[in-house]
Trainee: 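Below is the structure I would like to discuss, written out as structure tokens.
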Amino acid sequence: MDFSLTDDQKLIRDTVRQFMEAEVRSKVRQYDKEEHFPAEELRALGAMGCCGMLVPEEWGGAGLDSIAYATMIEEVARVDAAMAVTLSVTNSVACVPLLKHGTEEQKNKYLRRLATGEILGAFCLTEPAAGSDAGGIQARAVRHGDVYKLSGTKSWVTTGGDAGVLIAFAKTDPAAGSRGVTAFLLERSFPGFRVSRYEDKMGLRSSHTAEIVLDECEVPVANRLGEEGQGLKVALEGLDGGRIGIASQAVGIAQGALEASVKYAKQRKAFGQSISEFQAIQWMIADMQTEIEAARCLVHQAAWARDHKNPRSGPIAARAKLYASEMVNRVVYKAVQVHGSAGYSRESDVERMYRDARVISIYEGTSEIQRIVIARDLLGAAAKSASR
């Protein structure tokens with residue numbers, strides 16, 4: 001078992017880290033306060049290949065593996081988690097579904113621009129009354145000649161007001177339930193498309209999260225992604241890969257919190273010595289490091305499984321997402337504790353990390369959903385083994 005990164009993966013890690021330290025770190029706190037969307041920095045990362053890492057070079061992507069992708073997301077999240085989720089969405093639930101299910105025309109029109117960072121992608125599945133129950137969406141799509149008219153409301157859409165293309169899901173056959181869901185490629189300029197509001201979020205404040213109203217939004221038939229009724233399959237495939245990105249985001253936030261805590265513990269004096277000399281602080285830092293390494297191994301295992309077409313890559317990604325998302329919340333809690341009252345101040349990075357981490361056990365599938373996926377896989381495997 002070789003856990004080391006290849007030379008190419010190390011180069012990606014070092015290049016992204018250098019960019020984030022030089023071009024982003026000094027701005028993160030202000031961007032968070034102002035809810036400023038970092039479009040310029042994201043374009044620069046896109047030019048470096050960070051928006052299409054899993055897309056083949058023939059479509060403008062970097063043509064890299066999932067471990068390289070996970071490493072990139074981790075390095076971005078180590079400094080700015082809000083930028084990391086934008087990159088994760090574009091890579092995992094925009095580029096990959098387009099690559100797998102898109103027509104040549106759709107790939108030429110959208111995929112190449114996504115992969116080079118010219119535009120960003122968004123994923124419109126969640127609705128006010130349908131989150132974990134993806135098959136329960138109420139949005140409707142009715143065909144009228146050469147267009148579909150989509151009606152409904154999509155909520156919690158990351159980059160929804162900034163994306164150049166959005167993958168939206170609606171029911172073309174409501175009577176078929178989850179088997180009647182179809183995927184579509186939307187542009188913000190389509191008639192009937194409207195961003196109704198932006199969420200006032202606890203964390204990830206420089207990542208704009210939109211509610212989108214589709215009022216008989218006119219979508220050309222040529223913009224249907226896959227066949228009618230295949231939408232839920234498209235969505236769930238994207239989410240399996242997306243969970244690797246979100247788990248990597250968790251590892252990155254935790255790594256940043258650990259580094260900040262080590263630095264602070266060495267500088268802060270109490271009772272005549274550095275607080276890093278106190279066993280209570282040492283134990284917290286030791287626990288933080290151990291959990292981060294465990295989560296990173298799960299993430300890389302999930303990335304490896306996806307690249308090697310492991311039929312159980314979905315449940316393996318669910319394990320990584322479950323553990324990493326809950327790990328990061330434990331780590332940032334300890335990071336604030338190490339910093340004491342300074343960690344409770346908006347002037348500290350760990351305060352922002354504490355807020356940013358909370359959503360990770362909720363989006364791209366809650367911890368409860370991950371446990372269901374994992375348990376069903378294990379119980380199904382046990383049942384198959386028992387029947388032999």
Side-chain angles (χ1 to χ4, degrees), residues 1-21 48-50 53-54 62-79 81 84 87-88 91-92 96 240-263 282-332 334-335 353 357 360-361 364 367 370 373-374 377-378 381:
M1 298 172 68
D2 185 358
F3 292 95
S4 61
L5 298 178
T6 66
D7 288 342
D8 286 344
Q9 291 162 352
K10 289 177 182 176
L11 178 61
I12 291 163
R13 178 197 63 194
D14 295 344
T15 302
V16 174
R17 176 173 294 193
Q18 182 179 12
F19 176 85
M20 294 302 294
E21 291 291 345
M48 292 163 57
C50 294
M53 296 198 74
L54 304 175
L64 297 170
D65 60 19
S66 295
I67 292 178
Y69 164 61
T71 300
M72 180 275 292
I73 294 292
E74 179 184 334
E75 287 301 323
V76 174
R78 174 180 160 271
V79 175
L87 291 169
S88 177
N91 275 278
S92 296
V96 171
D240 281 344
R243 286 165 184 160
I244 295 173
I246 299 305
S248 303
Q249 181 191 18
V251 174
I253 296 172
Q255 183 66 41
L258 172 64
E259 292 172 6
S261 298
V262 169
K263 182 179 179 180
Q282 293 173 356
W283 282 16
M284 281 192 279
I285 288 173
D287 287 346
M288 293 160 75
Q289 173 67 17
T290 301
E291 288 213 73
I292 291 168
E293 287 298 332
R296 186 177 286 119
C297 284
L298 283 171
V299 171
H300 286 193
Q301 180 193 30
W304 186 92
R306 185 169 177 80
D307 286 341
H308 288 78
K309 314 277 187 221
N310 187 312
R312 297 174 69 193
S313 61
I316 294 171
R319 293 202 301 261
K321 202 272 183 181
L322 170 64
Y323 183 77
S325 64
E326 300 201 344
M327 172 279 298
V328 69
N329 279 282
R330 293 189 292 268
V331 166
V332 294
K334 290 184 174 73
M353 294 173 183
I360 297 183
S361 60
E364 296 267 0
S367 290
Q370 305 313 313
V373 171
I374 295 163
D377 174 63
L378 291 172

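This one's a predicted model, so the numbers in the text were calculated from it and none came from an experiment.
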Trainee: In a check of side-chain contact (heavy atoms from CB on, under 4.5 Å) between Ile244 and each of His300, Arg306, Gln249, which one passes?
Mentor: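 Considering His300, Arg306, Gln249, a side-chain contact (heavy atoms from CB on, under 4.5 Å) with Ile244 is found only for Arg306.
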Trainee: Supply the atom-to-atom distance Ile73 CD1 to Ser66 OG, rounded to the nearest 0.5 angstrom.
Mentor: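 Going from the CD1 atom of Ile73 to the OG atom of Ser66 covers 11.5 Å.
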Trainee: What are the two closest heavy atoms between Ala250 and Val328, and how far apart are they?
Mentor: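 Nearest pair, atom of Ala250 first, then Val328: O-CG2, 3.3 Å.
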Trainee: Any chance you could measure Asp8, atom CG, to Ile67, atom CD1, to the nearest 0.5 Å?
Mentor: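 Rounded to the nearest 0.5 Å, the CG-CD1 separation comes out at 12.5 Å.
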Trainee: Hey, what do you get for CD (Gln370) to CZ (Arg243), rounding to the nearest 0.5 Å?
Mentor: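 Rounded to the nearest 0.5 Å, the CD-CZ separation comes out at 4.0 Å.
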Trainee: Considering only heavy atoms from C-beta outward, does the side chain of Ile253 approach that of Ile360 to under 4.5 Å?
Mentor: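 Yes, at least one pair of side-chain atoms sits under 4.5 Å.
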Trainee: Test side chain to side chain contact (heavy atoms under 4.5 Å, CB included) on Leu258 and Ile285; report intermediate values, then the result.
Mentor: CA-CA 7 Å; Leu258 172 64; Ile285 288 173; 3.9 Å; yes
Trainee: Identify the heavy atoms of Val16 and Cys50 that sit nearest to each other, and give their distance.
Mentor: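 Closest heavy-atom pair between Val16 and Cys50: CG2-SG, 4.0 Å.
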Trainee: Under the criterion side-chain hydrogen bond (donor to acceptor under 3.5 Å, both in side chains), which of Gln18, Arg17, Gln255 is the partner of Glu75?
Mentor: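 Filter result, single survivor: Arg17.
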Trainee: Check for a donor-acceptor pair, side chain of Ser88 on one end and backbone N or O of Ala84 on the other, with a separation under 3.5 Å.
Mentor: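 Checking the backbone N and O of Ala84 against the side chain of Ser88, no donor-acceptor pair under 3.5 Å is found.
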Trainee: I need the Ile374 CD1 to Arg312 CZ distance, nearest 0.5 Å.
Mentor: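 Going from CD1 on Ile374 over to CZ on Arg312, the span is 11.0 Å.
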Trainee: To the nearest 0.5 Å, what is the distance between OG on Ser313 and CG on Asp307?
Mentor: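 Answer rounded to 0.5 Å: 10.0 Å.
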Trainee: Search all heavy atoms of Gly49 against all heavy atoms of Ala62 and return the closest pair with its distance.
Mentor: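 Gly49 and Ala62 have their closest heavy atoms at O-CB, 4.0 Å.
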Trainee: For a quick test of reading the model, state the closest non-hydrogen atom pair linking Ala254 to Met327 and the distance between them.
Mentor: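 Distance-wise, the nearest heavy atoms are CB-SD, 3.6 Å.
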Trainee: Could you go through Met53 and Ile12, starting from their C-alpha distance and side-chain angles, then the distance that decides it, and tell me whether this counts as side chain to side chain contact (heavy atoms under 4.5 Å, CB included)?
Mentor: CA-CA 11 Å; Met53 296 198 74; Ile12 291 163; 4.0 Å; yes
Trainee: Do Ile292 and Val251 make a side-chain contact, defined as non-hydrogen atoms from C-beta onward lying under 4.5 Å apart?
Mentor: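 Contact flag for Ile292/Val251 side chains = yes.
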Trainee: Quick one: closest heavy-atom pair of Ile246 and Glu364, and the distance?
Mentor: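 Answer, listing the atom of Ile246 first, then Glu364: CG1-CG, 3.2 Å.
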Trainee: Could you note down all residue pairs passing ring pair (Phe, Tyr, Trp, His ring centres under 6.0 Å) where residues 309-331 supplies at least one of them, sequence neighbours left out?
Mentor: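 Every pair satisfying ring pair (Phe, Tyr, Trp, His ring centres under 6.0 Å) with a residue in residues 309-331: there are none.
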Trainee: In terms of side-chain heavy atoms, does Ser248 have a donor or acceptor partner in Tyr69 at a distance below 3.5 Å?
Mentor: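 Their side chains do not contain a donor-acceptor pair, so the 3.5 Å distance test is not met.
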Trainee: Would you check if the side chain of Asp240 reaches a backbone N or O of Ala317 as a donor-acceptor pair within less than 3.5 Å?
Mentor: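 Checked: no pair found.
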Trainee: Please walk me through it: do Leu64 and Met72 pass side chain to side chain contact (heavy atoms under 4.5 Å, CB included)?
Mentor: CA-CA 11 Å; Leu64 297 170; Met72 180 275 292; over 6 Å; no
Trainee: Roughly how far apart are Ser261 OG and Met284 CE, rounded to 0.5 Å?
Mentor: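 With rounding to 0.5 Å, OG (Ser261) is 8.5 Å from CE (Met284).
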Trainee: Applying side chain to side chain contact (heavy atoms under 4.5 Å, CB included) to Arg78 and Met20, what does each step give before you reach the verdict?
Mentor: CA-CA 9 Å; Arg78 174 180 160 271; Met20 294 302 294; 5.7 Å; no
Trainee: Quick check: does any side chain N or O of Lys321 sit under 3.5 Å from a backbone N or O of Gly245, one acting as donor and the other as acceptor?
Mentor: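 Side chain of Lys321 to backbone of Gly245, a donor-acceptor pair under 3.5 Å: no, none is there.
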Trainee: Specify the closest pair of heavy atoms between Leu87 and Val76, including all atoms of both residues, with the distance to one decimal.
Mentor: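 Closest approach of Leu87 to Val76, heavy atoms only: CD1-CG2, 3.9 Å.
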